[in-house]
Amino acid sequence: MRAADDLMTELRAVVGDANVVTDRAVVAGYTTDWTGRFHGDTPAVVRPGTRDEVAATLRACTERGVAIVLQGGNTGLVGGSVPLHGEIVVSLRRLDALGPVDARAGQVTAQAGVTLARLQAHARAAGWEYAVDLAARDSATVGGTIATNAGGLHVFRHGPTRAQVVGVEAVLASGAVVGTLDGLEKDNTGYHLAGLLTGSEGTLAAVTAARLRLVPRPRNVVVALCAFDDVEDALDGVAVVRREIDTARAIELFFQDGLDLVCDRLGLARPFAKRHDAFVLIECAGRTDPAPALAAAIESLAAVRDVAVATDDRTARRLWRYREAHTEAINLLGPPHKLDVTLPAGALGGFVARVRQRLRELVPSAQVWLFGHAADGNMHVNVTGVAPDDDSVTDAVLRLVVEMRGSISAEHGIGTAKRRWLHLVRTGDEIAAYRAIKRALDPAGVLNPHALLPGP
Ligand code: MLT
Ligand code: ZN
């Protein structure tokens, strides 16, 4: 008890009384994740405002062997950012400085707590674009998206978060500060710490700031929603769009049942009078108008049954809503089981049929919602009507994915939700290497100790 009191006293001295939050009502916002499925508890939420305060916080916790969960916008979907085992929450949201866009380098430096939406607006105002985009953009932070190597809507064109990170500044569990924000595009000098920390899910260090690569801002954006009779036709269409249209930057897939749910729950008008099986949402963005090339590609697809095209912002947002609102509409049915998986491109259609079939046999009363990033082979399998602690659904879906040579996590990470299944896709030697890296950087094992790596 005295050790815990000592720690609180030290943390208050580091970040100030107001930033060691113990008020239950406020703490509640940090202890439940975005899906509502993962709830934890914490003695305190610590909110450092500078890199040196992060360093002193981590050092104090390490010296006492007290576990920490690092948190950004808390939009993670795999239980990796909430204190499920009573850890102290270290929120990095107060680190929200955003530097000027470096026009010569096409880069910007952002602290961990800057939201994705703010970073995007900042880049756009300077004539650039930050390539990572996802539905949780208003809350998700630079630090959180780096910790999870967030993917999102533009991965097949620009790569995931890791491809945007030129460098990071990070604090190790010991309080040591590592990394560089100098923005050198070529710097072949040893282990690439930024690459290692990106996707490490808060288990190796606290990323406090990053030097991020920007891409040219497209002046023209066109969105089309195409309807198909079945998923195989839809995926053939996706391949044609990828091959023919160099401005394509998002190619998303969803199905009639998901569209019905979104429209019914959120009161949206249906996009088409007729019902179809599969829908592909395409966004093209370029310096010159991508509309003619997109129209020609769609025209060449005999299997397109219906199409809606948006060349203005308002209509584009309306079409996007059918896809982006899936998460919100599904959550209204109760906390879902969320599986985020990738399949080899050729196996994606077969997976859609087989996962529905397998889940129907396993839990006949469950509802299965599929949507995702078609061009990346990334399906989000959401299952509702199953108790939150029933792991049979996760087990069945992940084993099917592995059988079909896919990955159990495409873009959400492992968190606490999937660590029991890591061995399905990583060998014993690989997991041992992960553990060795973890031990080297965090010998006391205080940083997010229940995420990513399987328990002993
Ligand atoms: C999405 O693609 O909409 C996100 O990954 C969120 C989700 O899977 O619910
Ligand atoms: Zn996604």
Side-chain angles (χ1 to χ4, degrees), residues 32-38 72-81 115-117 131-141 144-145 147-162 199 201 223 225 238 249-255 257-259 261-262 265-266 268 279-283 317 319-343 348 351-352 355 367-384 388 393-394 397-398 401 406-415 417-418:
T32 297
D33 84 328
W34 202 79
T35 64
R37 184 172 164 218
F38 299 99
N74 198 16
T75 59
L77 299 168
V78 286
S81 61
T115 65
L116 207 49
V132 176
D133 191 25
L134 38 87
R137 59 185 75 78
D138 291 322
S139 309
T141 60
T145 52
T148 54
N149 184 28
L153 306 170
H154 302 156
V155 172
F156 76 95
R157 171 111 172 244
H158 297 298
T161 298
R162 186 176 283 119
E201 303 192 27
V223 176
L225 180 62
V238 170
R249 69 169 179 182
I251 310 180
E252 300 287 307
L253 177 68
F254 54 92
F255 296 91
D257 52 0
L259 178 64
L261 181 77
V262 166
R265 292 283 166 156
L266 304 175
L268 306 187
F279 300 87
V280 175
L281 184 90
I282 305 157
E283 181 173 280
R317 270 201 302 277
L319 295 183
W320 264 110
R321 189 105 175 97
Y322 296 122
R323 159 62 182 87
E324 287 202 325
H326 269 64
T327 308
E328 184 184 338
I330 292 165
N331 276 11
L332 293 173
L333 303 176
H337 288 255
K338 291 182 86 72
L339 289 320
D340 152 52
V341 299
T342 340
L343 279 301
L348 194 57
F351 174 76
V352 166
V355 77
Q367 287 174 294
V368 181
W369 312 99
L370 302 178
F371 60 97
H373 313 288
D376 309 327
N378 180 183
M379 261 301 122
H380 295 311
V381 181
N382 285 218
V383 185
T384 54
V393 160
T394 301
V397 174
L398 299 188
V401 167
S407 169
I408 65 168
S409 173
E411 58 172 7
H412 295 171
I414 296 295
K418 288 185 184 169

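As the structure lists them, so they are numbered: ligands from 1, and atoms in each ligand from 1.
For ligand 1, the atoms sitting less than 4.0 Å from at least one non-hydrogen atom of H380 are 1 (C), 2 (O), 4 (C), 5 (O), 8 (O), numbered in the order shown with element in parentheses. Taking a cut-off of under 4.0 Å to the non-hydrogen atoms of H373, the atoms of ligand 1 that pass are 2 (O). Annotation for ligand 1: atoms under 4.0 Å from non-hydrogen atoms of E411 are 2 (O), 5 (O). Near T327, with a cut-off below 4.0 Å to any heavy atom, the atoms of ligand 1 are 3 (O), 6 (C), 7 (C), 9 (O).
Between I251 and F156, the closest side-chain pair of non-hydrogen atoms falls below 4.5 Å. For the pair K338 and D340, the minimum side-chain heavy-atom distance is 4.5 Å or more. Using a 4.5 Å heavy-atom threshold, the side chains of Q367 and I330 count as separate. R323 is listed as a side-chain neighbour of H373, based on a closest heavy-atom distance under 4.5 Å. Put simply, the side chain of V383 does not reach to within 4.5 Å of the side chain of P336, judged on heavy atoms. Proximity of Y322 to F254: side-chain heavy atoms (C-beta onward) are separated by under 4.5 Å at one or more points.
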How far apart are the C-alpha atoms of V132 and H154, what are their side-chain angles, what is the distance that settles it, and do they pass the side-chain contact (heavy atoms from CB on, under 4.5 Å) test?
CA-CA 6 Å; V132 176; H154 302 156; over 6 Å; no

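Formation of a donor-acceptor pair under 3.5 Å by the K418 side chain with backbone atoms of V78 is not found in this model.
For E411, the N/O/S atom at the shortest distance from the Zn ion (ligand 2) is named OE2. Taking the N/O/S atoms of H373 in turn, the shortest distance to the Zn ion (ligand 2) belongs to NE2.
There is no side-chain donor-acceptor pair under 3.5 Å between N378 and T342.
Neither the backbone nor the side chain of D340 has any atom closer than 4.0 Å to an atom of ligand 1 (non-hydrogen atoms only). By the criterion of a heavy-atom distance under 4.0 Å, neither the backbone nor the side chain of H326 is placed next to ligand 1. Only the side chain of H412 comes within contact range of ligand 1, with a heavy atom under 4.0 Å; no backbone atom does. At a heavy-atom cutoff of 4.0 Å, ligand 1 is contacted by no atom of M379, backbone or side chain.
Using a cut-off of 2.8 Å, one finds that H412 contributes no N/O/S atom close to the Zn ion (ligand 2).
Atom 9 (O) of ligand 1 has its nearest heavy-atom neighbour, among E328, K338, E252, in K338.
Looking only at protein heavy atoms, the nearest one to atom 1 (C) of ligand 1 is R323 NH2, 3.4 Å.
Remark: ligand 1 and N382 share no N or O pair separated by less than 3.5 Å (distance only, no angle test).
Note: H380 and H326 fail the aromatic proximity criterion, with ring centroids not under 6.0 Å apart.
Residue L134 places no heavy atom under 4.0 Å from ligand 1.
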